[in-house]
Number of protein chains: 2
Amino acid sequence: MTDIKAAANPLFLRDEELRQGIELLFFAYRDFTAEGDAILDRYKFGRAHHRVIYFVGRHPMISVSDLLSLLRITKQSLSRVLGQLVREGFILQHPGPRDRRQRLLELTPKGRELENLLTEKQRCRLAAAYRMAGAEAVEGYRNVLLGLIDAPDRLRF
Amino acid sequence: MTDIKAAANPLFLRDEELRQGIELLFFAYRDFTAEGDAILDRYKFGRAHHRVIYFVGRHPMISVSDLLSLLRITKQSLSRVLGQLVREGFILQHPGPRDRRQRLLELTPKGRELENLLTEKQRCRLAAAYRMAGAEAVEGYRNVLLGLIDAPDRLRF
DNA sequence: CTTTTATGTCAGTCATGTTGACATATTACC
DNA sequence: GGTAATATGTCAACATGACTGACATAAAAG
């Protein structure tokens, strides 16, 4: 009559290990995103605006369709958020030089300022975690997360 | 006239490194949660139901207020989701033995079944990422994510 | 016996996602 | 040149899951 928990049951240990890994991801994501939300409230923006500002900042002159596939949302969802950001002067749209149907997106100085404000918090938090964990841990963090990402997008890194 | 990018500018490299870390977390979370959503659709449930089922499964006989502070949502938000799960027979409520105001929560067999179905996918995906990255990487993953979590909840691990 | 606590509920609002249908301008192709 | 495909935008309706605020009940704690 072996106690399934007390015994060094490899399946039990594995399950516990994996559940902890799941929860770490959940809590880390929750706390990592919570900080920026407070700032966004002041602009009457939400997390969706943050994501758009981030990726447009990261990929200047990105096309709408490329942005859509990064975010994995519909154009109708994007258009509400993007429309606000354009109207309020955080993002500029340029006709594509080769394909004039495109609207290539770019941050204005005002947009860059907000992007910096938002991302700086996150960079600080991540930098602190990196420092505490050490360089080797950072490689591990990267490799495990990479393995969680669907193959197509994995190539980005 | 040094090129700020071409030169081995430590600040530039650091920024790029941190942004990659941010994006890895974003994409990993996006893809990690997407899979379960498809299953939940079949039950007419959403991601919120998944979280409740997960944490009740993980902490049998958890009180409502403890669940609330795990999820960091309001009781009004929780009650809709929890109410459905109770009415449809996925979760049982028991009066607390010492404090009878409490409604301690527990999965029914039906709830456990759904929990398993949902979590199994995630465990598999994480296990695959762990295998690919190796044991040392797993430690790094854990330590970095731990550093991203707000101190109070960090103690859980 | 009064207050605090744990929980539930009603009502209204907001942010962000969805589908489906349709419009416009531009490019690509035969 | 004419037609089809593409990139984008827009209107409308709807679902989910957050929120706030107010109020109700039962039990515990003082």
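Chain naming here is simple, since letters A, B, ... match the order of the sequence lines and numbering starts at 1 in each.
Annotation: B:Glu136, atom CD; neighbour count of heavy atoms from other residues, nucleotides and ligands within 6.0 Å does not exceed 12. In this structure, A:Glu113 places its CD atom where only 12 or fewer heavy-atom neighbours from other residues, nucleotides or ligands lie under 6.0 Å away.
Using a 4.0 Å heavy-atom cutoff across all strands shown, B:Gln84 reaches no nucleic acid atom at all.
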Report, as a single string ordered 5' to 3', how protein heavy atoms within less than 4.0 Å touch nucleotides 17-24 of chain C: B base, S sugar-phosphate only, - not at all.
BBBBB---
Quick one, give me the B/S/- string for nucleotides 1-7 of chain D, reading 5' to 3', where B means a protein heavy atom under 4.0 Å from the base and S means that only happens at the primed atoms, P, OP1 or OP2.
-----BS
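Salt bridge annotation for B:Glu16-A:Arg58: present, with a cationic side-chain nitrogen under 4.0 angstrom from a carboxylate oxygen.
Between B:Phe157 and A:Phe27, the ring-plane angle classifies as perpendicular under the 30° and 60° cut-offs.
Look at B:His49 and you won't find any side-chain N or O under 4.0 angstrom from OP1 or OP2 of D:dT16.
Scanning for salt bridge (charged side-chain N to carboxylate O under 4.0 Å, His left out) contacts around B:Asp153 gives A:Arg30, B:Arg72, B:Arg156, with sequence neighbours left out.
Counting only residues at least two apart or on different chains, the ring pair (Phe, Tyr, Trp, His ring centres under 6.0 Å) pairs with a member in residues 97-144 of chain A are A:Tyr130-A:Tyr141. Sorted by first and then second residue, the ring pair (Phe, Tyr, Trp, His ring centres under 6.0 Å) pairs involving residues 102-124 of chain A (not counting sequence neighbours) form an empty list. Sorted by first then second residue, the ring pair (Phe, Tyr, Trp, His ring centres under 6.0 Å) pairs that include residues 87-124 of chain B, not counting sequence neighbours, are B:Phe45-B:Phe90.
In this structure, the CZ atom of A:Arg98 is 23 Å from the P atom of C:dA25, given to the nearest Å.
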